[in-house]
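Because the structure is predicted, anything quoted here is derived from the model rather than measured. Every chain is numbered from 1 and lettered A, B, ... according to where its sequence line falls, protein lines coming before strand lines. Every heavy atom of this structure was used, including side-chain atoms; hydrogens, water molecules and symmetry mates were not.
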Amino acid sequence: MPELPEVETIVRGLRPRLIGAKIADVWTSGLALRLARPVDRAALVRHGRGARVTAVRRRGKYIVVDLQGSAGAAALLIHLGMSGRLRLQMRAASHDKHTHVVFRLDHDRDLRFVDPRRFGLVRAVVRVDAVPELRHLGPDPLTELDAAGLARAMASSRAPLKAFLLDQRRVAGLGNIYVSEALHRAGVRPTTAARRACGRAAALVDGIRAALEAGIANRGTTLRDYVDGEGGAGENQHALLVYGRQGQPCHTCGEAIRRRVDAGRSTFYCLRCQR
DNA sequence: AAAACACCCTGCCTGC
DNA sequence: TGCAGGCAGGGTGTTT
């Protein structure tokens, strides 16, 4: 579900309403999330109870909620996995069956983490800078990615561009939808080995940015169940150039969009526009 | 070292 | 109508 544009939309929506909020208590379902690991409620309570939210930010596809408590600063690290939702709701609102973590806030509000497939992650961390998952992330495509750096990384990889761009250590935030969209905008084929496409690094940076910015402008892509922090669906599914459009005409040249599957994941592209 | 694969889950859709 | 099988937007750990 959530790639960079969806996470960014959630963060932007939650930020003004969450900053200053005080956590009164934490509830967990007891079921395990990512890698079959249980949520550490004790740590969430220890660092969260009584603390106030000072910032809400995004790093790749991770959401970081900074906290200031009487015992010091800490943060909530949240990843939505494939089916996660993070929503701010009134306490009286009905509970989704797959709710796994609830932060009870002041003013009768709940910050709820709902995740049917349980591939997500909710964890309390003390030093955000030291979190391995975040340290391994590559540059943020909107603010840190540059053509020279991307070209250098591409030069040392034999991986097809599709796999290269999906690797969060290369670029942080792209997922299956936006990789197809970015490659199409850049006019590059997903099967091309990264090292053979170094000359297209600048076009790739532009394509990546354009695809992500379109997604953000449209408040995310809702294919199945993505909603933002207020429960609203996105509109970017209507603006996709290639993803999910196999057999339909390319908007640029009219050729039928192709679909291929690698490692169980679909890639969509135009054979004529992408060389 | 990089790349391929299995695995963690539920829900929804398709075809029989 | 029921059921099996395939598929889904993510990340990690292990093997090659």
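Shown here are the side-chain contact (heavy atoms from CB on, under 4.5 Å) partners of Asp146(A), two or more places apart in sequence or in another chain: Ala148(A). Among residues two or more places apart in sequence or in another chain, the ring pair (Phe, Tyr, Trp, His ring centres under 6.0 Å) test is passed with Tyr62(A) by His79(A). With sequence neighbours excluded, no residue forms a ring pair (Phe, Tyr, Trp, His ring centres under 6.0 Å) with Phe113(A). With sequence neighbours excluded, no residue forms a side-chain hydrogen bond (donor to acceptor under 3.5 Å, both in side chains) with Asp206(A).
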Could you list, one pair per line, each protein nitrogen or oxygen that sits under 3.5 Å from a nitrogen or oxygen of nucleotides 13-16 of chain C, together with the distance?
unit_1, atom_1, unit_2, atom_2, d
dG13(C), OP1, Arg37(A), NH2, 3.4

Anything under 3.5 Å between a protein N or O and an N or O of nucleotides 9-12 of chain B, put it in a table, one pair a line.
unit_1, atom_1, unit_2, atom_2, d
dC9(B), O3', Arg118(A), NH2, 3.1
dC9(B), O2, Arg117(A), NE, 3.1
dT10(B), OP1, Arg118(A), NH2, 3.2
dT10(B), O4', Pro116(A), O, 3.3
dT10(B), O3', His98(A), NE2, 3.3
dG11(B), OP1, Lys97(A), NZ, 3.2
dG11(B), OP1, His98(A), NE2, 2.5

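For DNA chain B, the neighbouring residues in residues 142-171 of chain A, judged by any heavy atom under 4.0 Å, are Ser157(A), Arg158(A), Ala159(A). Within a heavy-atom distance below 4.0 Å of DNA chain C, no residue of residues 206-218 of chain A is found. Taking every heavy atom of residues 256-264 of chain A and every atom of DNA chain C, pairs under 4.0 Å involve Arg259(A), Gly264(A), by number.
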Check your understanding: Dot-bracket for DNA chain C, 5' to 3', with Watson-Crick and G-U pairs under 3.5 Å, [ ] for crossing pairs and | for other-strand pairs: what is it?
Key -> .|||||||.|||||||
Under 3.5 Å, which donor-acceptor pairs do the side chains of residues 21-29 of chain A form with other protein atoms, sequence neighbours left out?
unit_1, atom_1, unit_2, atom_2, d
Asp25(A), OD1, Arg49(A), NH2, 2.9
Ser29(A), OG, Leu31(A), N, 3.2
Ser29(A), OG, His100(A), ND1, 2.8

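Atom CZ of Arg265(A) and atom C1' of dG9(C) are 8 Å apart (whole Å).
Nucleotides dC5(B) and dC7(C) have their P atoms positioned 15 Å apart, rounded to a whole Å.
Note on residues 115-124 of chain A: pairs passing salt bridge (charged side-chain N to carboxylate O under 4.0 Å, His left out), not counting sequence neighbours, are Arg123(A)-Glu133(A).
From Arg219(A), atom CZ reaches atom CD of Glu235(A) across 9.5 Å, with rounding to the nearest 0.5 Å.
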